[in-house]
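Below: the structure, in structure tokens.
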Amino acid sequence: MARDPRQKEDYFGPLRRLLTGVVLLILTAFFVVWRVDSPRVERFRAAVVDRFVPSLDWMMVPVTGTINLVTDFRSYQRLVEQNRDLRRELQTMKAWKEAALQLEQENAKLRDLNKVSLDPQLTYITGIVLADSGSPFRQSVLLNVGARDGIVDGWAAMDGIGLVGRIAGVGQETSRVILLSDTSSTIPITIQPSGQRAILAGDNTLAPPIEFLEDPDQVRPGDRVVSSGDGDVFPPDLLVGQVVLGSDRRLRVRLTADFERLEFLRVLRNQGRESIVDTGSLIESSQPSFEVMGPTLETDETQANPDG
Amino acid sequence: MVEAPITRVWLGVVSYLGIGFAVLVLRMLPLGTEPIAVPFPDIFISVTLAWVTRRPDLVPFFAIAILFFAADLLLMRPPGLYSAVVLIATDILRRQTDGMRNLPFILEWMVIAATLVAITVGYRAILFVTFTPMAPLGLTLLQLVMTAAFYPLVAGILQVALGLRKPARGEVDTRGKPL
């Protein structure tokens, strides 16, 4: 073995090994720092994604477009079948539309009676989905709106109808939405007719299980699930989905939002609610506040009188 | 044989980086945003392992470090750890390439599968020790099996498309140095 192929390593071997060691050390140090001080490194990550992903747009958009085109084309082949399905669906929808119109009128009447004003602060910012998590273990998408547009960590993201997830990680121009199906996503929910509170915990499927449910007997498949305002995580009453009974006999929620193709998401501005922190000052409050209360009570009465 | 060998090495490095980058971007396309039952094979790691087994001189460790660290950041993995594990694994594999030169493909496949298992076990062990939240075990195992199963396909495509194969005994580069 006069000409051992490893011979060439003799010159660069030690240097190369040293460099490998240094790189390994840096990588390990990065991991350790991340484990110790996660927020700082996550901010660094958000900054990198911020720089990197939007500049790939020129490449990612056409490729995504082309692949979607191919998928769409394949669906054209099933056009007749699809048409029939759609027509049937339309029939059902018409029935629903009637019901919805009646309900809307009723609702308007009731609201008028009740003098409810919907929360004027609940406005939204619409963002385009730039990229998904790229890993089968993580369910998240990247939006093209970020701190520049006033996005704040923890706000809710919806598609047109249902809740999709919450903002976790905001860069200057991008922000990441952790989807409800992600294993690290847990949100407080209310199950509608019975009004029970529970937690929806993602488990990498399209139908996350309901956890911490007090009385499962009061919940039936088909019940509506909305977000509850508990813990100030989300604004209350955003539609999440419907209760279904999973094949493992657990109660799960079939999500209303169309997770198959998320393109545009609405991020709801949530300014948080005011909370009452102290009990005190009502009794010892100064005179003027009574004066303010007095007239308003009177006007309420005068308004109420003609009705009664 | 006009081009200098150093250019060919760089060509190899650049094509490795290019392919790795393309695979990374393809994975991030927002095509299917719903969770899937059977994860896709991890093409990224199979490409790297195939390259290291065949032509270790064309995949310098810094290329692997850069690509995998970028992937760690973009794919929301704990930054640095997976790249470090892969770097160690490829370095061990790199030293075995002389012995693996004459192996039949089946045996090479088994070595690669063992490497994949070692990477996964090492990665998860460190995550476990540091109390880091992990992906579900079932999904990880499924992806491991898928990646190992698809390795021949990846290696075949690389061989056909880029001519990436093990150099024969006694083969020399353009400068006459044995490969």
Side-chain angles (χ1 to χ4, degrees), chain A residues 3-8 16-17 19-20 23-35 41 44-45 48-49 52-53 56 59-60 63-64 67-68 71 129-142 169 176 179 181-184 202-206 258-263, chain B residues 22 24-40 42 57 60-62 64-66 68-85 87-88 91 95 97-98 101 126 130-136 138-140 142-143 167 169-170 177-179:
Chain A
R3 288 174 66 93
D4 184 2
R6 265 171 289 185
Q7 194 183 1
K8 62 178 182 253
R16 217 187 64 85
R17 221 159 297 152
L19 280 178
T20 316
V23 170
L24 267 182
L25 211 66
I26 294 173
L27 291 176
T28 321
F30 221 98
F31 174 68
V32 171
V33 171
W34 175 79
R35 198 66 198 109
V41 181
F44 169 72
R45 191 209 292 270
V48 170
V49 171
F52 189 65
V53 178
L56 285 180
M59 188 164 80
M60 290 170 80
V63 176
T64 317
I67 295 178
N68 282 342
T71 350
V129 174
L130 283 181
D132 69 3
S133 68
S135 136
F137 312 122
R138 292 267 172 190
Q139 308 299 329
S140 67
V141 293
L142 205 66
R176 188 170 290 276
L179 304 184
S181 46
D182 188 84
T183 42
S184 60
D203 67 342
N204 253 328
T205 62
L206 262 191
D258 182 13
F259 277 71
E260 197 174 336
R261 199 169 287 176
L262 299 173
E263 282 184 63
Chain B
L24 184 60
V25 170
L26 270 183
R27 281 178 65 172
M28 291 186 62
L29 291 182
L31 291 176
T33 33
E34 56 182 354
I36 41 176
V38 181
F40 289 122
D42 192 348
D57 51 328
F61 69 95
F62 68 83
I64 295 178
I66 290 173
F68 275 83
F69 189 64
D72 275 353
L73 284 182
L74 292 177
L75 303 183
M76 306 299 288
R77 282 194 294 243
L81 179 59
Y82 192 67
S83 17
V85 174
L87 208 56
I88 295 173
D91 215 56
R95 283 180 206 172
T97 44
D98 276 331
R101 223 179 233 194
I126 298 176
T130 54
F131 300 105
T132 316
M134 281 187 269
L139 264 184
T140 318
L142 260 178
Q143 192 183 36
R169 280 242 175 259
K177 249 176 26 175
L179 280 168

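Proteins come first, then strands; the chains are lettered A, B, ... in the order of their sequence lines, and each starts at number 1.
Interface residue A/Leu130: only backbone heavy atoms are found under 4.5 Å from chain B. At a 4.5 Å heavy-atom cutoff, B/Leu24 makes no contact with chain A through either its backbone or its side chain. In this structure, no portion of A/Val32 lies under 4.5 Å from any heavy atom of chain B. For B/Phe131, the parts lying under 4.5 angstrom from a heavy atom of chain A are both the backbone and the side chain.
Across A/Leu206, A/Asp132, A/Asn204, A/Leu262, a single residue satisfies side-chain contact (heavy atoms from CB on, under 4.5 Å) together with A/Leu179, and that is A/Leu262.
Contact check for B/Leu73 versus B/Phe69: side-chain heavy atoms found under the 4.5 Å cut-off. Taking the side chain as every heavy atom from C-beta outward, A/Phe259 and A/Gln139 never approach each other to under 4.5 Å. In this structure, B/Phe61 and A/Leu19 have side chains that are in contact, with non-hydrogen atoms separated by less than 4.5 Å.
Put simply, of B/Pro136, B/Pro78, B/Pro60, the one with the most heavy-atom pairs under 4.5 Å next to chain A is B/Pro78. Note: A/Arg35 leads A/Arg35, A/Arg176, A/Glu263 in heavy-atom pairs under 4.5 Å with chain B. Counting heavy-atom pairs closer than 4.5 Å to chain A, the top-ranked of the candidates B/Thr130, B/Val25, B/Leu87, B/Val85 is B/Thr130. For chain A, the option among B/Met134, B/Arg27, B/Met76 with the highest count of heavy-atom pairs below 4.5 Å is B/Met76.
A search for side chain to side chain donor-acceptor pair (under 3.5 Å) contacts involving A/Thr28 returns nothing, not counting sequence neighbours. Partners of B/Asp72 according to the side chain to side chain contact (heavy atoms under 4.5 Å, CB included) rule, which considers only residues two or more places apart in sequence or in another chain, are B/Arg77, B/Tyr82, B/Ser83.
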